[in-house]
Enquirer: 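Okay, handing you the structure first.
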Protein chains: 2
Amino acid sequence: MKKADKLGMTFTIKSPTTVGETVYNRERQKMSISQQEASFSRRVDADLVQNPVYTGVERAILEQRLPPGTRLAETDLADFYGVSRTIVRTGLQALAHSHLVTLRPNRGASVANPSPREAREVFEARELLEPRSAREAALRAGRADVRALRLHAREEHEAMRSNESGRALRLSGRFHVMIAQIANQRTIAEIIENLVSRSSLIIALYWTRSSTRCDEGCHNALIDAIERNDAVEAEELMRSHLVELHSALRFDIGDSSNKTLKDMLSQ
Amino acid sequence: MKKADKLGMTFTIKSPTTVGETVYNRERQKMSISQQEASFSRRVDADLVQNPVYTGVERAILEQRLPPGTRLAETDLADFYGVSRTIVRTGLQALAHSHLVTLRPNRGASVANPSPREAREVFEARELLEPRSAREAALRAGRADVRALRLHAREEHEAMRSNESGRALRLSGRFHVMIAQIANQRTIAEIIENLVSRSSLIIALYWTRSSTRCDEGCHNALIDAIERNDAVEAEELMRSHLVELHSALRFDIGDSSNKTLKDMLSQ
DNA sequence: ATTATTGAAAACGTATACAATCTTGAACTC
DNA sequence: GAGTTCAAGATTGTATACGTTTTCAATAAT
């Protein structure tokens with residue numbers, strides 16, 4: 001009770017709208033990206049998509065409503081999402097595997113707090129994988145893919161304009177994942193998806209600039225290159241985009257988040 | 001009862017010796033590889049290492065005692081390892097995240113059955129990541145690292161000589177992981193570790209040659225290059241080694257495993 | 001002989017109970 | 001006043017109970 005108050009967890013139990021949108025997005029991808037083998041499964045995800053804790057907390061982290069280090073007590077989450085602790089634990093364990101959440105034995109879960117080293121490594125890995133992905137995407141992208149990318153870029157833009165910076169950040173990450181998916185290398189796309197997710201936490205901790213404006217230009221330029229099937233240009237644009245992001249991180253600041261956690265989960 | 005018989009699961013409940021060795025290996029690494037930040041945690045693993053289901057099933061898969069597609073009934077595992085289904089589920093979910101196990105809603109778990117496409121993608125990803133890792137390892141490796149590698153190669157050799165092909169395969173994979181760890185890029189090392197694990201399943205399904213003899217020469221040559229700090233050579237050796245492995249896979253054969261699952265888990 | 005039906009047994013999904021561990025804060029000592 | 005001790009409360013870890021779904025074999029129908 002005291003704890004719930006401290007966390008600002010005066011929740012009315014509600015069903016999260018998260019699941020709906022995620023499913024929608026998946027559906028949309030399915031149309032634009034050729035799926036060669038139905039048997040190539042990520043069944044874990046199929047299960048996870050309907051775990052409200054997983055989808056809800058993931059989304060809250062990607063939108064930076066849950067800052068790094070935030071304690072995630074099982075009972076609070078169970079109450080909030082109206083499920084038992086069993087489901088909460090499943091979701092938290094999955095998030096821990098994605099490095100979005102840290103699990104400490106007998107101490108419970110908290111939003112991950114990537115170290116400067118981890119931050120650097122994540123971006124180095126992205127700089128290694130994503131340019132190649134962008135090149136491949138430029139070679140493979142069809143009309144539907146380009147259309148989906150443009151639609152998505154518009155959504156990003158609108159989120160920025162209406163000052164929904166959290167939503168903008170999440171969509172920006174999703175843009176990178178979409179490119180990786182167009183490249184039609186699921187294994188690598190999945191790795192990239194994970195690295196991109198972690199980037200939201202890294203940006204929350206080490207980002208220096210206030211604006212994410214650069215994203216807009218970069219992303220549009222990338223779409224143009226992909227539409228032209230200009231593989232070399234797409235690869236180079238992606239590389240420089242990532243280097244730019246990476247260079248906007250500052251690792252010399254200590255994590256000093258003293259905000260109260262009011263309404264971080266709800267909406 | 002009927003089912004247990006069919007699976008050859010006439011288990012005497014015993015504590016798996018798996019955990020012990022794994023811990024030992026980790027300890028050994030810790031000595032040979034410089035650890036800069038204790039806070040850079042993979043706490044999920046800390047938890048998982050003492051999950052007998054996770055360690056036992058993982059090891060059985062890596063040693064090809066559990067062939068792809070093998071059904072993993074929760075109750076059987078619970079009985080075998082002497083834990084409740086709660087623990088079994090935690091372990092299986094973790095294995096599913098590593099793509100070693102497939103979870104289908106209401107249908108339970110089975111050893112993953114990577115498609116030809118997934119197999120190809122895994123090796124493509126390895127060819128992308130590991131050569132670079134080997135280069136970095138060659139630059140960074142110290143005396144202790146080289147010594148650990150040679151010790152490990154000897155273990156591999158002995159496993160081969162004594163016809164423990166499963167153990168040899170697992171150790172061979174571990175060798176690649178060790179190099180990735182020496183490269184001191186934990187994020188990428190973890191990705192490689194996962195790809196290497198999946199390779200055991202891929203080899204079980206699509207391997208054509210009977211011998212793994214080539215490994216021995218390749219690995220020794222790699223150690224030599226690393227000892228000389230010859231980055232270029234190490235990178236090239238790793239690249240060609242992986243290409244050779246990849247080229248020894250045949251994707252046109254259907255999976256026809258009709259073996260009974262006797263004693264696949266025990267020992 | 002092959003396919004459909006069906007119901008019992010087995011297996012999975014989720015909630016909950018209880019034990020083990022950690023946290024907190026008040027009382028106490030120095 | 002700063003630090004220590006310890007018990008009550010809170011939180012996590014594991015097992016188990018129970019409802020739901022699936023599987024499978026026996027039976028019936030085509």
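All chains are named by letter (A, B, ...) in the order of the sequence lines, taking the proteins before the strands, and each is independently numbered beginning at 1.
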Enquirer: Can you check the Asn51(B) CG to dT12(D) P distance for me, whole Å?
Expert: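 Checked: the CG to P distance equals 19 Å.
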Enquirer: Describe, in one word, how the ring planes of Tyr206(A) and Phe251(A) are oriented to each other, choosing from parallel (under 30°), tilted (30 to 60°) and perpendicular (over 60°).
Expert: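 Tyr206(A) and Phe251(A): perpendicular rings.
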Enquirer: Considering just the side-chain nitrogens and oxygens of Arg71(A), establish if one lies under 4.0 Å of OP1 or OP2 belonging to dT23(C).
Expert: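 No, no such contact exists.
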Enquirer: When the distance from CG of Asp76(B) to P of dC12(C) is rounded to whole Å, what number comes out?
Expert: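 Distance check: Asp76(B) CG to dC12(C) P gives 8 Å.
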Enquirer: Can you name the side chain to side chain donor-acceptor pair (under 3.5 Å) partners of Glu58(B), sequence neighbours left out?
Expert: none
Enquirer: Collect all protein-nucleotide pairs involving nucleotides 15-18 of chain C in which both atoms are nitrogen or oxygen and the distance is under 3.5 Å.
Expert:
{"from": "dA15(C)", "atom 1": "OP2", "to": "Ser84(A)", "atom 2": "N", "distance (Å)": "3.0"}
{"from": "dA15(C)", "atom 1": "OP2", "to": "Ser84(A)", "atom 2": "OG", "distance (Å)": "2.5"}
{"from": "dA15(C)", "atom 1": "O5'", "to": "Ser84(A)", "atom 2": "OG", "distance (Å)": "3.4"}
{"from": "dA15(C)", "atom 1": "N7", "to": "Thr86(A)", "atom 2": "OG1", "distance (Å)": "2.5"}

Enquirer: Taking for each residue the nucleotide of DNA chain C bearing the nearest heavy atom, is the 5' side occupied by Asn106(A) or by Asn106(B)?
Expert: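 By nearest-heavy-atom nucleotide position, the 5'-most residue is Asn106(B).
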Enquirer: Would you call Arg170(B)-Glu63(B) a salt bridge at under 4.0 Å N-O?
Expert: yes
Enquirer: Rounded to the nearest angstrom, tell me the gap between atom CD in Glu74(A) and atom C1' in dT11(D).
Expert: 8 Å
Enquirer: How about Val53(A) and Val83(A): do any of their side-chain heavy atoms sit closer than 4.5 Å?
Expert: yes
Enquirer: Indicate whether the side chain of Ser199(B) and that of Arg126(B) have a donor and an acceptor atom separated by less than 3.5 Å.
Expert: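 Their side chains do contain a donor-acceptor pair, which is all the 3.5 Å distance test asks for.
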Enquirer: Between atom CG in Leu72(B) and atom P in dC12(C), what is the gap in whole Å?
Expert: 10 Å
Enquirer: Over how many whole Å does the gap from Tyr81(B) atom OH to dT14(D) atom P extend?
Expert: 17 Å
Enquirer: Rounded off to whole Å, could you give me the CG-to-P distance for the Leu48(B) and dT14(D) pair?
Expert: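 In whole Å, dT14(D) P and Leu48(B) CG are 11 Å from each other.
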Enquirer: Could you point out which residue of Arg198(B), His99(B), Glu124(B) forms a side-chain contact (heavy atoms from CB on, under 4.5 Å) with Thr187(A)?
Expert: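 Answer to the side-chain contact (heavy atoms from CB on, under 4.5 Å) test with Thr187(A) among Arg198(B), His99(B), Glu124(B): Arg198(B).
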Enquirer: Could you state the CG-P distance from Asp79(A) to dT12(D), rounded to the nearest angstrom?
Expert: 12 Å
